[in-house]
Amino acid sequence: MIVLTGPLLLLIERGRGIKGPEPIVIVTAVVAVVVLPLQCLALWRVLAKQFGEQQRLRRLFRRIDEVVRTGDLTIAFQPVVNARDMRVVGVEALARFGGDPLITPLQWFTDAEVVNRAQQLDLLAVRSTLSAAVDLPPDVYVAVNVSPATFASTALLSELRSTAIRPDRLVLEVTEHSSIEDYAPLIEARMRLRAHGIRLAVDDAGAGYASFRHIVALAPDIIKIDRAIVSGVDKDPARSALVGAVVMFAHGSGATVVAEGVETGSELDCLTRLGVDTLQGHLTGMPTSAPADWTNWGNSAPTASSR
Ligand code: G
Ligand code: MN
């Protein structure tokens, strides 16, 4: 205040004829004392923010790079069961990371995208899945999540071909993380992979990411209905109408349906009535990384929680 009122009083006194310093001197003094420090402060703030962001990205990069280099991630498998007899027909591989438990697996993959390591992390998860999958019963399929960019890459096929797991047991789950402009590379990859007998599943259908355009363009073998639609399907006519419509669409186009996130017996009954082929969720089997649990899945009911 003193800094501002001082020059102001001088200007008023000059206006009343009292002699004092020239206006240019007063303005220069105000600029020197007030404006310049404020600008310096603003500049310092901008630089500090940029520096903080760079530090954050550097830490992020180090965290992701460490996992990519050491291969330090665990695979949990969650069973997918036939809705008619509750037998395990397949599993979904879910990557589990050590370190900070507050960083979810989804966050790890999002962070990897930020620091340009998405494909490396996807391929590491694929590699880890394939080596863990040798301990699975030989009659179940193995589904692994990949981003559309990894799906379209040639590196993926070489990874999938260097495994003892038969290609007709492999399913790639693709979700739409952001709007896809050009489907041509994905359709080409789809043909390349299908020639080897590898199947494609559209993940999270109905969740906002996997649009109808996405499903129609990719013509998947499997459509996975997102938990957001499945949860409470037994109580909501809109949800059950949507599931019924997806089942009809899938069967009309030669695909099968997985309902994700099934948690209650009443949801299970409703989904079965609607014609859903297979179920995945806490009710029919939790994800587990213990190979001793996986051995029970061959040609048998999955867990005590299923009927
Ligand atoms: O997007 P995607 O469907 O691949 O995500 C699978 C995730 O959903 C995994 O992290 C898995 O642990 C979780 N999940 C699987 N089944 C259930 C369920 O019945 N309820 C809830 N809340 N989460 C589930
Ligand atoms: Mn998935």
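Atoms within a ligand are numbered from 1 in the order they appear, just like the ligands themselves.
Annotation: side chain to side chain donor-acceptor pair (under 3.5 Å) contacts of R59 (sequence neighbours excluded): none.
Looking from atom 20 (N) of ligand 1 to the surrounding protein, the closest heavy atom is E263 OE2, 2.5 Å. The shortest contact between atom 19 (O) of ligand 1 and any protein heavy atom is with H282 N, 2.7 Å.
Taking a cut-off of under 4.0 Å to the non-hydrogen atoms of E260, the atoms of ligand 1 that pass are 2 (P), 3 (O). Interface of P287 with ligand 1, defined as ligand atoms under 4.0 Å from a residue heavy atom, comprises 12 (O). Remark: ligand 1 atoms within the under-4.0 Å shell around heavy atoms of Q78 are 15 (C), 16 (N). Shown in contact with G281 at under 4.0 Å from a heavy atom are these atoms of ligand 1, numbered in order with element: 16 (N), 19 (O). Shown in contact with D203 at under 4.0 Å from a heavy atom are these atoms of ligand 1, numbered in order with element: 1 (O), 2 (P), 3 (O), 4 (O). Every atom of ligand 1 is numbered from 1 in the order shown, and the set under 4.0 Å from a heavy atom of V262 is 19 (O).
Remark: E260 does not engage R227 in a salt bridge, criterion side-chain N to carboxylate O under 4.0 Å. Salt bridge absent: E66 and R63 never bring a charged side-chain N and a carboxylate O closer than 4.0 Å. Using a cut-off of 4.0 Å between Lys/Arg side-chain N and Asp/Glu carboxylate O, R194 and D221 are scored as salt-bridged. Under a 4.0 Å N-O distance rule, the pair K235/E267 does not qualify as a salt bridge.
Closest approach of A132 to F77, counting heavy atoms only: CB-CE1, 3.9 Å. Closest of all the heavy-atom pairs between T295 and P137 is O-CG, 4.4 Å.
Between F109 and F97, the ring planes are perpendicular. Angles over 60° get that label, and only those under 30° would be called parallel.
Counting non-hydrogen atoms of other residues, nucleotides and ligands closer than 6.0 Å to CZ of R69 gives a total above 12.
Between R96 and ligand 1 there is a heavy-atom distance shorter than 4.0 Å.
For ligand 1, the polar-atom distance check against E92 finds a nitrogen or oxygen pair separated by under 3.5 Å. For ligand 1, the polar-atom distance check finds an N/O of D204 within less than 3.5 Å of one of the ligand's N/O atoms.
Between the CD1 atom of I75 and the OG1 atom of T288 there is a distance of 12.5 Å, given to the nearest 0.5 Å.
Per-atom contact check: atom 4 (O) of ligand 1 touches the protein, criterion being a heavy-atom distance below 4.0 Å.
Both cation-pi conditions hold for R199 and Y141: the charged atom is under 6.0 angstrom from the six-membered ring centre and inside a 45 degree cone around its axis.
Counting heavy atoms only, L94 comes closest to atom 6 (C) of ligand 1 of the residues V258, T175, L94.
Checking side-chain atoms of S231 against main-chain N and O of A228 turns up no donor-acceptor pair under 3.5 Å.
Contact annotation: for Q280 versus ligand 1, there are no heavy atoms closer than 4.0 Å.
At a cut-off of 3.5 Å, with distance as the only test, a side-chain donor of H251 or D277 sits close to an acceptor on the other residue.
Residue-and-atom listing of protein N/O/S atoms under 2.8 Å from the Mn ion (ligand 2), sorted by chain and number: E92 OE2, N145 OD1, E173 OE1, D203 OD2.
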